[in-house]
Structures are given as structure tokens and as C-alpha cells.
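Have a look at the structure below, then the notes.
Below, chain A is the first sequence line, B the second, and so on; all start at residue 1. Side-chain atoms are counted along with the backbone in the values below, which use heavy atoms only and exclude waters and symmetry mates.
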Amino acid sequence: MLRFAVRRLLQMVGVLLVLSFLVFVWLRSLPGGPVSALLGERQTEARREALEQALGLDQPLPVQYLRFMQRAFRGDFGVSTQVLPGEDALDIFLTRLPATLELSFFALVIAIALGIPLGYLAARRKGTALDTTTVISSLVGVAVPVFFTAFLLKYFFAVEWNLLPVSGRQSIGLDATRVTGLFVLDGILTREWDAAWDALKHLVLPSVALATIPFAVVFRITRASVLDVLDEDYVRTAEAKGLTARVIRGRHVLRNAMLPVVTTVGLQVGALLSGAVLTETVFSWRGVGQALAEGFLQKDYPVLQVLIMAAAAIYVLVNLLVDITYALIDPRIRTR
Amino acid sequence: MTSETPQPPPQRTSYADRRKQRLDALAAASADEEGGVSLILSAWRRLRRNPVFLVGLAITVTFVVLALVAPWLAPYDPAARPLLDDIRPQSNPVPGPEPGHPLGGDDKGRDLLSRLLVGSQQTLMVGVLATLFGLLGGVTLGTIAGAFAGWADSLVMRIVDVMLSIPSLLLAFTIAALASSPSQWTLIVAIATVQVPIFARLLRGSMLGQRASDHVLAARSLGVKPHAIVFRHMLPNALGPVIVQATLVLAVAIIDAAALSFLGLGNPDDRRPEWGQMLGAAQPYLGQEPHLAFYPAACIIVVALGFTLMGESLREALDPKTRR
Amino acid sequence: MSGSTGLDQARGARTAAQGEVLVEVRDLEVHFPIKSGIVFDRTVGHVRAVDGVDLTIHRGETYGLVGESGCGKSTLGKAILNLEPPTAGSVVFDGVDIASLKGEALRTERKRFQMVFQDPMSSLDPRQTVEALLLEGMRAHGLDTDKAATHARLRELMSAVGLPPSGLKKYPHEFSGGQRQRIGIARALSVGPDLIVADEPVSALDVSIQAQVINLLQDLQDELGLTYLVVAHDLAVVRHISNRIGVMYLGGLVEESEAGELYDVPLHPYTRALMSAVPVPDPTLEDTREQILLTGDLPSPAHPPTGCRFHTRCPWRQETRCDTERPELRVVQVDGASSGHRVACHFAEQIAAGEIQRHEVEPELELEGFGGPDGPPTPPEAYIAP
Amino acid sequence: AATLASCAESERDGDGGSGGGDDGTFVFGAAGAPEMFDPYYATDGETFRITRQMFEGLLGIEPGSAEVVPELATEWTSDEEGTEWTFTLRDDVTFHDGEPFNAEAVCYNFERMFDQNDAGQVAGEYWGYVMGAYANDPENSLYQGCEATDEFEAVISISRPTSGFPTMLTLESLSMQSPKALEEGDANGIASEGEGFSFPAYADAPVGTGPFTFGEYDEANGSITLARNDDYWGDAAQVSEIVFRVIPDESTRRQELEAGSINGYDLPNPVDWAGLEEDGNSVEIRDPFNILYLGLNPEANPQLEDLRVRKAIYHALNREQLVQTQLPEGAAVATQFMPDTVSGYNTELEPYAYDPDEAKRLLAEAGAEGMTLNFAYPTEVSRPYMPDPQKIYEALRTDLEAVGIKVKVSTASWNGGYLDNVSGEPGKYDAYILGWTGDYDSAYNFIGTFFGNLKDNDFGTDVMPWGKQLADDLKAADAIVDEDERGAAWEEINRQIMEEYLPGLPISHSPPALVVGPGVDGVIPSPLTAEEFDTVTVGGE
Amino acid sequence: MSTQPLHPAPRHGEPLLAVRDLRVTFGRRGEEPFRAVDGVSFDVRPGQTVGLVGESGCGKSVTSLAVMGLLPTRGNTVEGSAVFDGEDLLSLSPAQMRDRRGADIAMIFQDPLSSLNPVIQIGRQVTEVMERHQGLSRKEAMPKAADLLERVGIPDPTARLASYPHQLSGGMRQRALIAMALACQPRLLIADEPTTALDVTIQAQILALLKELVVETGTAMVMITHDLGVVAGLCDEVNVLYGGKIVERGDRHTLFARPRHPYTVGLLSSIPRLDAPRGEPLSPIPGSVADNLPWDDACAFAPRCPNALDVCVRETPVWDGDDVVGLRCFNPMGVSR
Ligand SMILES: Nc1ncnc2c1ncn2[C@@H]1O[C@H](COP(=O)(O)OP(=O)(O)OP(=O)(O)O)[C@@H](O)[C@H]1O
Ligand SMILES: Nc1ncnc2c1ncn2[C@@H]1O[C@H](COP(=O)(O)OP(=O)(O)OP(=O)(O)O)[C@@H](O)[C@H]1O
Ligand SMILES: [Mg+2]
Ligand SMILES: [Mg+2]
């Protein structure tokens, strides 16, 4: 087990190293780039050259990469050129991370809390109206562009009915103590209940919007996997033992059906990160996704580089954790 | 084939006699001299009765046909701006329906209906080409990995690992965002790239399955040349799940294209409309003129649904577990 | 024209040479590496699927191989055809050492030895018509030069296995299990082999169909003078079709004998137990016969027991030799046992003579290697990238 | 407004019914995060909007116009040559940190701006732009020195007379900052790091003299809070607090305004103007102070060297229609390269008529029928002079194609190479859409920027026979000390540019707007988009 | 031929289970319904072992599943009755049926690996039946489970309680399944091909175990298999199924000694026997199940039958016999035509 983890961890480091090189070379081989980003409208050729020299961008690529790696090993990944000029790119990631974590966590909770029970029900009632409706609506949910969903959600819940805030993470003027950067948790930790409640209200719409895709996936995989398990001989054995429906559902069906769901949930972290780019943009959610979107548009390469690498690292790491969890909960792997 | 004349109880007869007996019986059993029914055909026969598949198929076919005939069907050139003079940025930014323009125009005075119709062409093209390129790349990599074990396999799978380590849409964003001159090809390439590792891994998996299968072993033992084994036996059989996946990916590709366009990473040239792009362009009007976003969104949803329904039922039909 | 097709020619050539040695297997070993490692895979052990097998197959005979699941029968069969490259040992086929052949040389040689598989469905490419399947081997060996002759040969092949020619245009899934197995046999015949290795050719079939295929195999042998190596776990089937039988246990042959004699005078304790375990459709016999019930399961071929591989389950196990010294296959002097009857048991004579009595065996629990995946499965790709 | 109050204000403050007058919070929706808070290094409007509330320059701008008025300096005079300027300063001003504002402080500021390290020289964009050089290259610098001749009198010398001085002192970048804070915060300690600059601590804690002081920047929530400066030398601000909330998405800003959780935002989409007004908001339209033009580059396409071709293209454009259908109300067809509010505007010029036939004739005459233009427009950008570049391009393209010009389109994103390609030497595009928003009231800030630099300008005028002449004329006019004389010179140059040279095609001026919610009063829209919020009140039905 | 039976078969007692005219059809909408079981009747008396034999697809499993109420909930219809202990199982509510299953009637299945829940420890899987039907707590049930495992011959039973199915060999798994089935001392045990997936030596162990347990506990058993050899050694009464109907029934001695239905004869002559002289070619039944005729107006077996008469393809043969012996044939073997 430990071996498995170490092995995967080493693999991960390798993958990330290669990725860092690819991203570095790729970013630098594109037009535009930091210089144009920094200069803006008032640029001239002379200023351009001066800047390139000042930044060492006139050096050959391998030299630049080596310098980058040297600095990277010291934890210095360069500073933002556009998103938050002058700010350490890694700091940007770190300050933005809690927001994205909070959002993704709630989205995942929603996706799981809805996806698994509905998936189970749909599988149990395969072919009925309930099944068809849920399947189709999950597909529709995936196909509706996030900004459209978000617009509707905001329009009705925030503007028309005034139930929830439109965007942002916290009401203006609310003087809340920050501990972890996860606002809801902070509110709870410091017992500033109004702050926690306020943060929670801000979370609802974006996390619902972000949850659509993971929900659909969790729902579908649960349904498929429950259908598979229902066909399994051991469920028939359990039935033959005369066990109660509850025991069969919980101990025999769901427990086994959850195994593939666990892996899927890990893979959903990728979807969450991708989705965060859109969701955070439309909800002015100051998270990693929004920084990514800004980085893309403003060609802030140092920030992009850090964020892409970090996203990859998180993704790979989470999946590593998921695999380990899986191995822990599946005795067939655990007891090898 | 009723045994009018009861056969004598079996006894030791000559080989020739018995062979003749068997032949007679079998010839009668399979009297039809027609050619056989391939797996695909028999899957189709099953699918033909599956309402989910039929709905998906109907949607898909409708839109494909629409895409093909759209240029003739569309009342206006999608790039022409017949309603331009009606536009006033404040009072009338988006011309409403009027005779000859049942859905009105867009914010550049172009006929919305025509754009929607012709949009099916571009949208499907982006979807199909992205999927095709993704498939091509994935199949190439997957074939290399699956056909040659050893270092070629390891190398390919490491490449795939690297590609997979970036969340898919994020990778697409990156590619599209960093393109030097954005066009619909950027979009296609971005989406295709994302699909490559997925197809590659899928294909490799099923190629490995094929590799270990008895019929490939049989071909080997027959002395069939290695390349023929790969291309005649392994690849065609391994391709099944990949094709099914491709149908599903088509839907995803169309949705992803919309997401990219939303982020402003799509094709800036909108003379040949594409739904994702129309949707992205409708963003500023969400508040005042939501129909501008609604129509393309609805089209995307329906088409994506069509492909997904088709893909899912195909998957089910080809899945040996559900086959009875 | 049709009178002098390949099948007939081959028949003429072969019937002449009955009795000569066709295949000579010496010290054959197939070990599968068990890999593991933190960064790079290292080989940490071997599954000794086939672990030192000697056998000889004569032209025109049927050699049967029986044994429990996992004892290495299939691997041995494949290794003989070099479909599974042997780790050590030689397989001399008609004077050529196939085990050392590689690449094109091996490929061209393949037309002389063919295989028939257990699962008639999975061993036929579902996407090819029967005609394509049959033609393929002929193409690969340049046997399809003349269109008309090829056509005739295809029909002949079909009729040889008792299928109507109309079947050529069909796909494997349109046939019943028995018919599919016939197609598999026809495919093996298509290149005119001398030897056919049949790996459990009937065990996937219903009893009534099984009999049809067994008869077919025998008929074809009669007619074409084929040599068979039949692998099966059903002792009755093997005994029915084989001239000689080898009994395998955990990667090695424990007994080899003429078919009838094996039943009449089983020498190895394992053979006895195996024989007594086969249920017979005769209530009277069933009620009276004495069963030798083995305890425990087949040990893992990754960690085979020392000495005699069977000693952990052997009811005649002796304190000495059994767990230290691996017995060789040898001819023993026992009543009724002929000179072709070899057994790998230190105490075969004593057991046959009743000098050693059966005793209870405490089952040893095998707690390894009963399957289970290596890592978490990946869910369907569609769910990975929505 | 009830909802507004409850959302926009601290919930902890209890009931948010701050009914009126001189208190309350003004919440403004910003489209982007500020770069940092030192206006000297800042380059973008989002940053300036914030620093403007905290900093003041020697000279100011009359709210609602582009006119220069006294601010920290009460008066200024120059010597004969126009190279020595004496500024009399206010004597009642202290910085937010309590430091006195005096001539020493002024000179400290100028020296600080002048004396920049390598990184600072690239980052201090506006100084470089208006002053030309830094302390390490004093020959080329307009700024020559500053002397505190009295406690409240400072003399600034410049190398040559120019129309831009002292108007340029209204630039936000040249605002006065507390010397002590600059010193302590190591304000000039900018360094290049990787591919960007890292800013010193000062940039996070700015100290000025304005009506608002820096509160805090809550990065996690994307909000910047400024507090009223109760010791302000002028009239204290009406609201006690301004909060800038970063809301990058346009439709979200609008929804926030509708939900009452912000009180205003800049550059509302023209499409929304009517709807916003209907909902009780007020859309404040500023006078246009910008120019949108079609740049032509004869270096990239020699056919453009022919004046007839350039005129033909101009006649081909239906600018009336473009302005009416693509630009917000208040936009106007341009007759020259500057808006009419700038002195030196030539009122006698008439717009080139939309005349496709004439265009075709001219093209035929020049032998350029069916010519191909490599035409470019930027993506991922929206500027006051071009709310939607793509739409403008669309319109222009249609017109050009109508007279038989083939259009080959190129695009690049604003930061992703578009500007590089336009400004490169030589530029990559034959024709491109670009524009300019004036920094202050100066003709040279417009046409001088465009054509004053012969070697390195976007119009490739160095290959034109008159290119040098034009550049020289511009410099000469700029150096005229007498204002009326100078105005006449500008008018003449404008006429020449439009009638004889036509190096590019001015298209339009567009009014940018600002929207504030119900109950917000006192916003004075500025043509320079330089609103100061000290007069703003929030509340009241 | 007339050796003593395995154990005295109380033929004349009240049947424990009486299946009458059981019919199961499968069919989706729009499809011709498929009759998997077509009027099957048989009795099982206490202590008796009844065999159901036949080729793959003849309806053996469906019969047993129908009796157990374990057929899929949709897509099938079940008619007829299965009276167990005075109650018609087929008319019980699902909840009542749950109370019977595992307690009064238990079942073991063919594939011992897939029939065990892979993620739950063996002990737990054994105890849950006792918890369910005997109201024991898990603590109380554990030692009993260990006893059970010991009884079915699993070495080191206490340690094995904590094992997962994949840690046991095929034979051990099947033993564990048997332990589970016997946990509540059921009166009827249905074994659906319990040894098909196992090797002969292991099969012999399991069959011996079953024999022993049946005698020890007095449990009645329905043995489903396609292996005539298994039936010959184990069953008191044998039913031969073909195409969803019982075509022949008899006690094992009579049936094997004087098979009368051509299908039974065909089956017996198809299999090579260890005790028969070598060299004789087998006499297979021609054709395959695919050639069956519908039972409605014919004998389903007629197309493959060496004895078929004209009437065989026109009329359905009727059951000639009772609940002890019987035959469904117009022209049985050994009777002159
Ligand atoms: N490719 C392989 N890699 C590793 N181990 C293998 C491989 N193929 C077979 N083995 C192992 O070798 C041993 C012998 O396998 P083989 O298939 O020859 O047995 P068998 O006697 O044919 O059994 P069965 O009756 O189940 O077909 C088994 O333990 C099996 O797990
Ligand atoms: N759920 C189902 N839906 C449709 N048909 C079914 C279903 N279950 C069984 N059948 C059909 O009913 C027939 C009888 O099946 P059953 O499983 O009883 O056969 P069996 O005698 O047990 O065969 P085997 O020896 O292969 O287990 C088969 O033709 C089968 O295809
Ligand atoms: Mg095998
Ligand atoms: Mg069955």
C-alpha cells in the first residue's frame, strides 16, 4: 500500500516536471507575451527592447528555463504581469485557493448528495418515467452553458426574488475575521454566525451552477454502477438469504456500487477546476478559476504557468488520494 | 425440417455417410443462402427497436440534414445585414421579429433564423472535426501503444499521462487562449487535443484486451503477419468502444466549443456562424434580449442530447453485459 | 481439379508415416515473471506455469493432457506451438526446434501446427465472415494462388467440419456454439497442419453438442491422419479421444500412459484421486465406488511445494523423500503397467502393491493468488471527460 | 433603496437605514482589480479610478470638463522661454500621514519620479511618455529639475517649451505623495522578477492628500475600501466610505446594480442604457474625449502610399451609419484626429462624404481596383472609443467590399500580439482599428502621439514624402509658447492632415457612460473618465 | 442395480414443496413472449433430494428462481403454484417471502466467487442471515458462524471469519456459501449447479459435503445440474427438463437403467464414460436447442429426435405419469413403434 503510494507519487513528480517544461516552452513560443502585456497601448519598439532586456527575455529558451527552474526550486515562480501586477504568482495561487476549495467542496457535496440518491433511484426504477426524466435532465444540465445557467440563477434568486446575493463571497462592509480563508468555516470557527451565514448565502448559487456537471456525472455513474451491481450474483445471494430490503440496499448494493463512484469523484476534480474557470468568472468569485480566466485573457504567463501546474498537481494528487482511498475501502486491493 | 421419416438410432456408419447426414441436416437448418449479418447489422436490428436510440438518431439526422441543406434553406446570407439600419445601440440593439425575419435579427442586423440554420453547419463541423482529429490522434497513439508493448507503450502512455494530468477543459482553454491567431481551427484543435489522450487510453485498453484474446492468438497461430493482425483483427475489434465514445464526445465537443466561445477564446470571425459563438456573442444581451442566447443554447442542448442519447444507447447495445 | 485438393494430398502423405515421433518436448519450462517495484518494475518472482515437462507425441496419435484448473495445461499447449515463448527447453517438431524459432521463420513454419480453442466465440474474430477467417491462414502462407482452387478448398473445408457452404458468408455470431467450434476447427485445418493442439475444445459446449464435436475431431483424424494434442480437464473426454494421456499437476507431468491403461492401472495418487472424483452417470456405480477425496486446493504455482508437488495433498504421502525430492517420470514394474506407462511418484510400486495405506491429510490453506484486481478500475471514459 | 442599504452596508451596523446627507458607503463595481496603488507606476483606468480619490496633483481638472484648474498649486507662471515654471502651492495641505505638503515635498516627488532604476523606467509608463527620459539620461529628458524656492513655492525647469507642460501635471501618475511614506516604503524599490515587476511595499499602502484615505484591500473578497479623509483641506467628502468591488463580468455588474448591492459601475453596455434608466438608475454620459481611427500602413502595403487610394477608402466608409447603428448615443463622426473639446480643433473641416462611386472612381484612377487590404481588429478588448471592435470591423469591411476592395482579416487579442503587430517596425497590418483617449487637454497628446515620432509611429509616415514635414510641424507647434498662436498652428496642421496627407482615417468619437443606482447623487461625469467621488451622496429615495 | 438408496426416501409423506404447473414467460413490450418454463410440476418431500437436469437454457435456473421469488421484478410473468408447507410461495407478498428465504428455504448458486459480496468479510456474510432470521446479535452469531464454517470443512474457521471472498479458493468459497445457506437450518435447500465452476476433485469434495449435510440435517434438496453423473450419485428422484417442460421423471435407478425418453437416452449416450470401453464413437443428439419447435402443437424435441413420429410435430405430448415417475413422449425408447 505504502509502496503503491510512493510509486504513484514519484510518477506524479515526473509527470509534473515534464509538464512544466512543456508549458514553459509553449508559453514562450507564442506571440504577445509578457512584454506586450506589460507595455499596453503606449508601446514603441525601443521600449519593447528595453523591457525584454530588463526581463532577460532576450536569452535563449533553455537558459530561461534553467533560470526559471532555479528560481522555482527556491519557491519563486515569478510575479504576475497582469492579473495582479507585481504579486508573486504562487501567492496569487495560494490566496485564491481557499475560495476555489470552498466552492468546489460545496459543489461536490451538492453533486454527491443529489447524484447518488437519484442515481440509485433511477437505477432501481430503470425504464420508468422517473428514470427517463432524471437521465434527460442530467444530460440537459450538462449541455446548458454554465454562464446561461448562472445568469438564470442570478436573475431569479438574486434579482427578482432577492433571496441570495448576486456575486462575490461576502457582503460589503461585513467585518469578518479571516482564519483559513474558507469563509463559512471561518465564520464557524470564530463563532461569527452572521458571517458564516452570509458566506453560505454567497456560496449557494455558484456552487449549484458549478455542481451541474459533476452532479450529472455522479448521477450517471451511480445509476450505471447500481444497475451493474443489481445484476450481480451476490445481490441475488443476499435476496436468497431473505435479508431486508434496507440491508440489501445499504450493505450489498450501495456499498459495492460506490466503488466506481469514488474513482469518478476524483476525476471530477478536473471538471470542477475547469468549471471553476467559468463559474468563478460569472460569479466574481475570487478564486483560482477566475485568476486563470484573467490570465488567459490578459496573457499573464507567469500566473498561467503556476496555475496550470498547480491545477495539474492538484488533479493528480487528488486522484492519487482517491486511488489510495479506493484501495483502502476495497478489500480486494487492500488485502493484497 | 420435421423428421417425417424417423432416423434410425445412431450407429457406427462410415465417416462419409455421417458427414452427409450432418450436412443435410445443417443445410436444411440454414437454408437461406444469403450473406450473413455482421455484428453491426445485428446491433442495428436491436437498436432499431430502442426508443432512446431512435430519438437520438432522429435529432441527429435532422440536424445533419439541416446542416447540409441550410445554405438553401436559409432565407438570408448569414453574413448579410439586412436589418442593420434598424439597429440603434440603445433603443433597439437587437431588431425584433418582423415580416421576413421570423426570429428577428442579431446585434449586427443579420437574420437570426438564417444564422441559426447555417450555424448548424459550422457547429457540427467543429464537433465532427474536433472529434475526428481527436480520434485520429488518439487512435494513432493508442494503436502504437496497444500494438507494441514495451517501451513504445510506456512512452505513449507517459505522454498520455501528462496530457491527462491537466483537467480537460482547462487544457482546451489553454490551447485556445494561447493560439496566435484564433480561428475555428484553434477551437477544433483545442478540443481535439483534449480528446486525444482519452481516446488513446481507451483504445490502448481495448487493444490490450484484444491482444490477449483468443482470436488474436488464433490469428498468430495461423501465421498471419503481425501488421495484418494489428490492422485486421485488433484494431477493428478494439475500435468499438472508441466509436461509441466518439459519439458521446461529439456532444461534449459542441458544448466545449460553446464554453470556449463564452470565454472569448473562440473564432472571432463570425460571418459563418457557429452556435457556441452566437451564444458567446449574445452574452451582453442576456438581460435585455435573452432570446438571442436562448435559441443557440436550445439548439446546442438538443443536438448534444441527440448525440448523447445515441451514444448511450449504442454503448448499451454493444455492451456484452446487456446483450442477451 | 477438386479431386486433388490439399486435404487429399496431405492425407496420402501422412497416413504412411504412422508411429514416428512428431513432437519431442524436452525440459520445457514457462515461467511468468511477477513484477513489482516502487519506481521501476522488477521481477520479484515467477509463476511456474510449466515447470520441466518432457513428452513425446507420435504422428497420427492423440495425446491427451488432463489436470486441474491452473496446472499449466493451456500454457504447455501454447508453449509447444511457441505461442507462449518457453523460458527453457526445446520443442522439436519434425526435426525443427520450434522453441528457438523467431519472426518470419516461425511464422512460415506455423502452417504445420495449429490450435483449436476452448471458447468458440471469443476465438473467432466477430467482424470477419467465416470465409475471411478461413482464407486468412491460406493467404498468410500463400496457399490461395488459384481462385477456383481456393473456392473449392473453402467448400471442402466447410463440408469436412459438417457445415453448409452457405455458412461462408455468415458471421460467427450467427452460429450456435457447436457450429462455431466447427469453424474454429476448419480454420485450423485451412493451412493443412500436421499437428493440432486443441485446448479444451469441448468444455464450453453442452453435452449433446460436445459429443458431436468429439466425433468430428475423431473423424477428421481418421480421414486426414492428423496428430492431436488435446487439453482438457474432463478425464472422461480425454480418455475417450486419446491414445495416450498425460496427467499434469502444478506445472509438471505426474503420470503418462496409454489411455485405457491409465484408467485400469492408475499409478499416481493424484491420478487415482482424479479418477475417483469423476461422477459417473450410473447410480449403482456411484453408490458403491470408493472415492479418494483430496483435501485442500491446488497450491499456487508461484510458490510450488518443495519435493513432490503433490505431497501437500497426497493421502499416501511418506515422511521421507516426498517433501524433499522431486520425483522423475519413470517406468515402474507394476502388474498391468506397460513400458509406456510412466509415473512421477517415489512410492508408486508400494502404493500399487498396497504396502502403503491411505491416511487423512490436514488441509493446508492456500491464502494467496485468488484473483482480485491490481488497482482501482478506471470508470468508463465518458465519465472522465464530460 | 432599502434593499440597497441592507446589502451594501455592514450587516453588523444594525439597520442600514442611513437616510441621507453626509454619511454612508458608496459601492462601486470595478471591472478589474487594481494593479497596485502607487499611481506613478499604474497604467490602467481601474487603478487610476481608485488612486484618483486619494491623490491630487499640482494641477487639477475642472469636474465635468477637460479644463485645467489649480489643485495643490494655486497658480503657476513660466519664464519667457517657457522652460522655468514657478508653482505657488497651497499652504493648508497635509498628507494622510500627517506630513506637511510643501515645496520640498513637491521636489522630492519629482526627483523620485525622475530617478528610476531600470525596472522603474519601464514600469513608470506615463513619466516616460511625457518626459521622455530619466535621471540616467538627462539630455533627453523634458524634466530638468525642481527647486524649492520657498516653503510653498517650487520651480520646475524643463528642457524646451511644450504645450504639454504644465497640463501634464494633471496626470494621475504625476500626483503628489507623502515623501516620508515614499521613503519608508522604499517606493522606488521596484525590481524585475521573472517576467514582471515586483513592487515595493509602498505600492500597497499609498499616502496622498486627497479626500479619501486608503482603507484596505481585501484580496480574498475582491474589495478595496477607502475612508473619508476628515482632515481634507477642501470640502470633506459626502460619503464616509467608498468600496470598490471587483466584478469582472459585465452582466453580473448589472445584476448587482439591480439587486442594489452596488451603487454604480463604469462603462455600462450601451445596450443596457435604456433598461438601466427605466429601472431608476441614472446613466451619466460623458462628453467624448477620444478618437477611433482606421490606421493605414503604407509600409505594409505600398498601394496605400497613393493619396487617392486612401481617399477612396475614406469615401467608401459609411460612417454615419456606423455611428448610428454601432456606437452609443452621443457618438459623432470624426472630422479630424481629435475631439472638438481639445483646443486646436479645426471647426472648418467637413467629414469626408460617404460616396462609394467616388471611391470606385478614385480607386480606378489609382489603378487599385480590386486591391486587397490586410485588415486587422483586436479581440478581447473594449475601449471607450470602440465598445465592440469586431462590430466596427464588420461595418467597415462591408463598406470596403462594396467598393470592390478585398478584405483579408487578421485578428489578435489586444495583449496577445495585436498591439505588437500594429506598432512593430514595420507594422504587420495594412489597415487596423485603433483609437486613443486623451490624457489631458492637449492637441499634441493626440496628433503628436500619432505622427510626431517619425521613425516609430503606427502610420508608417516615414515612407511618405511629407512624413518628416508633418513631424517637424508638430514639434514646432508644440513649442509655441503663446496659446492662441499655437491653437492656430494646430488647426492648420489638422487641415493639412485631413486634406493633404490623410495618413489614417479618423472615424468617430464615442461618449463613455457611467451608471449609478437610485439614490446616488453628485456624480459629475468627466470626459477624461476621471470622476472624483467626493461629491457623491448615497441614500435618499 | 438394486443397492440400498442413499438414505431412506420417504416417498409417501406430505410433500414439503409442491410445484404445480409453473409457467414463466419473459418478454418485452412488442416482442413475442418467451416461455422459459412451460408448466413444470414436481414434488419435494422432506429429506428427499430431487434432481433437475437438462441442457443449458432448458429452464432449470428459472424454475428455481421462480420458486424462490427471485426472478427480476419486471419483464416476466409467473403462473402456477409452489406450495411450501401449505403456503403458495408464489402468492406471498415480498415481505412474507423474505421471511421464508434464508430461513425455510435456502439456495446456493453456481459461481461461488460472484455469489459472495467481495467487500464484506465472510463472517459477516454468514452472520447476517442469523441476525435476520434468528434475531441474534452479531456478537452472538459470530461463534455460531465459526461452527458453521468448521462444519462445512473450512480449516481454521475463526480466522477465516475475517477473510474476504477473494482470499479464499473456489472450493472454500463454495463451502462458505453452503454454510450461509445452512445457517438457519432450512427445510429445503435449492442448489443451482453448485459444482459446475469447480474442478473435479473439488467437485467431489463439495458433493460429498452436501450429501453428508443433507443426511445429517434432514434437509430436503433440489439439485440442479446438467451433469448426469452428479445426479446419479446424489438424487432420489430425477427430473429431465427439455425446453421448459419436464420430459421424464423417475427414481435414479430406474431412470439411468431404463431411460425411456429419447432425449434422456440421447444425453446418456452423448457423454463419454470413464467406465465404458474406449473406442466406441459417441452417439450425439443431432442438432441443437436452436432447432426446437414450440411446445404448443408439437414435441419440442421432435426435430432432434431419432424416434420422432408424424404425430410428434402435430400434437403436444401429454404428461403420462404422476409425481413419482412419468414421461412426456409419443414414442418412447424401448417401446416398439
Ligand atoms: N500470461 C500469464 N501471466 C502470468 N501468469 C499466467 C499467465 N498465463 C497463465 N498464467 C498462470 O499460469 C498457471 C497455469 O495457467 P494455465 O492457463 O496454463 O492453466 P490451465 O491448466 O490451462 O487451467 P484452466 O483449466 O483453468 O484453463 C496459472 O496459475 C495461471 O494463473
Ligand atoms: N431475465 C431473463 N429474461 C429473458 N430471458 C431469460 C431470463 N432469464 C432466463 N431467460 C431465458 O430462459 C431460458 C431458461 O433459462 P435458465 O437460466 O433457466 O436455463 P438453465 O437451464 O439454468 O441453463 P444453464 O445450464 O445455462 O444455467 C433461457 O433460454 C434463458 O435465455
Ligand atoms: Mg486452460
Ligand atoms: Mg442455470
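Between chain C and the options L255(E), L267(E), I202(E), L198(E), heavy-atom pairs under 4.5 Å are most frequent for I202(E).
Taking CZ of R273(E) as the reference point, atom CZ of R239(C) lies at 10.5 Å (rounded to 0.5 Å). S208(C) OG to I271(E) CD1: the interatomic distance, rounded to the nearest 0.5 Å, is 11.0 Å. If you take CG on D234(C) and CG on D199(E), they are separated by 11.0 Å, rounding to the nearest 0.5 Å.
Heavy atoms closer than 4.5 Å to chain C are found in the side chain of L268(E), but not in its backbone. The part of S242(C) that comes within reach of chain E is its backbone (N, CA, C, O), which places non-hydrogen atoms under 4.5 angstrom from that chain. With a threshold of 4.5 angstrom between heavy atoms, E68(C) approaches chain E through its backbone and through its side chain. If you measure heavy-atom distances from V231(E) to chain C, you find no contacts under 4.5 Å at all. Heavy atoms closer than 4.5 Å to chain E are found in the side chain of I214(C), but not in its backbone. Both the backbone and the side chain of L294(C) come within less than 4.5 Å of a heavy atom of chain E. Heavy atoms closer than 4.5 Å to chain E are found nowhere in I292(C), neither backbone nor side chain. Contact of Q203(E) with chain C is made through the side chain alone, with heavy-atom distances under 4.5 Å.
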Starting from the C-alpha separation in whole Å, work towards a yes-or-no answer on side chain to side chain contact (heavy atoms under 4.5 Å, CB included) for L274(C) and V200(E).
-> CA-CA 7 Å; L274(C) 200 60; V200(E) 259; 3.7 Å; yes
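By the neighbour-count criterion of 12 heavy atoms within 6.0 Å, atom CZ of R151(E) is sparsely surrounded, having that number or fewer from other residues, nucleotides or ligands.
Every pair tested for ring-ring contact (aromatic ring centres under 6.0 Å, His included) that includes a residue from residues 271-301 of chain C fails, sequence neighbours excluded, so the list is empty.
In this structure, D287(C) pairs ionically with R252(E), as a charged nitrogen and a carboxylate oxygen lie closer than 4.0 Å.
Residues T201(E) and R313(C) have side chains in contact (heavy-atom distance under 4.5 Å, counting atoms from C-beta outward). Between P284(E) and I209(C), the closest side-chain pair of non-hydrogen atoms is not below 4.5 Å.
Here the closest non-hydrogen pair linking P281(C) and F256(E) is O-CD2, 3.4 Å. For the pair D282(C) and A232(E), the tightest heavy-atom approach, listed with the atom from each and the gap, is N-CB, 3.5 Å.
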Please tabulate, for side-chain N and O atoms in residues 242-250 of chain E, each donor-acceptor pair with protein atoms closer than 3.5 Å (sequence neighbours left out).
unit_1, atom_1, unit_2, atom_2, d
Y242(E), OH, N292(E), OD1, 2.5
Y242(E), OH, R304(E), NH1, 3.1
K245(E), NZ, D38(E), O, 2.8
E248(E), OE1, R260(E), N, 3.4
E248(E), OE1, H261(E), N, 2.9
E248(E), OE1, T264(E), OG1, 2.7
E248(E), OE2, R260(E), N, 2.9
R249(E), NE, N239(E), OD1, 2.5
R249(E), NH1, D322(E), O, 3.0
R249(E), NH2, S41(E), O, 2.4
R249(E), NH2, N239(E), OD1, 3.3

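A donor and an acceptor atom, one from each side chain of S270(E) and Q210(C), are nowhere located under 3.5 Å apart.
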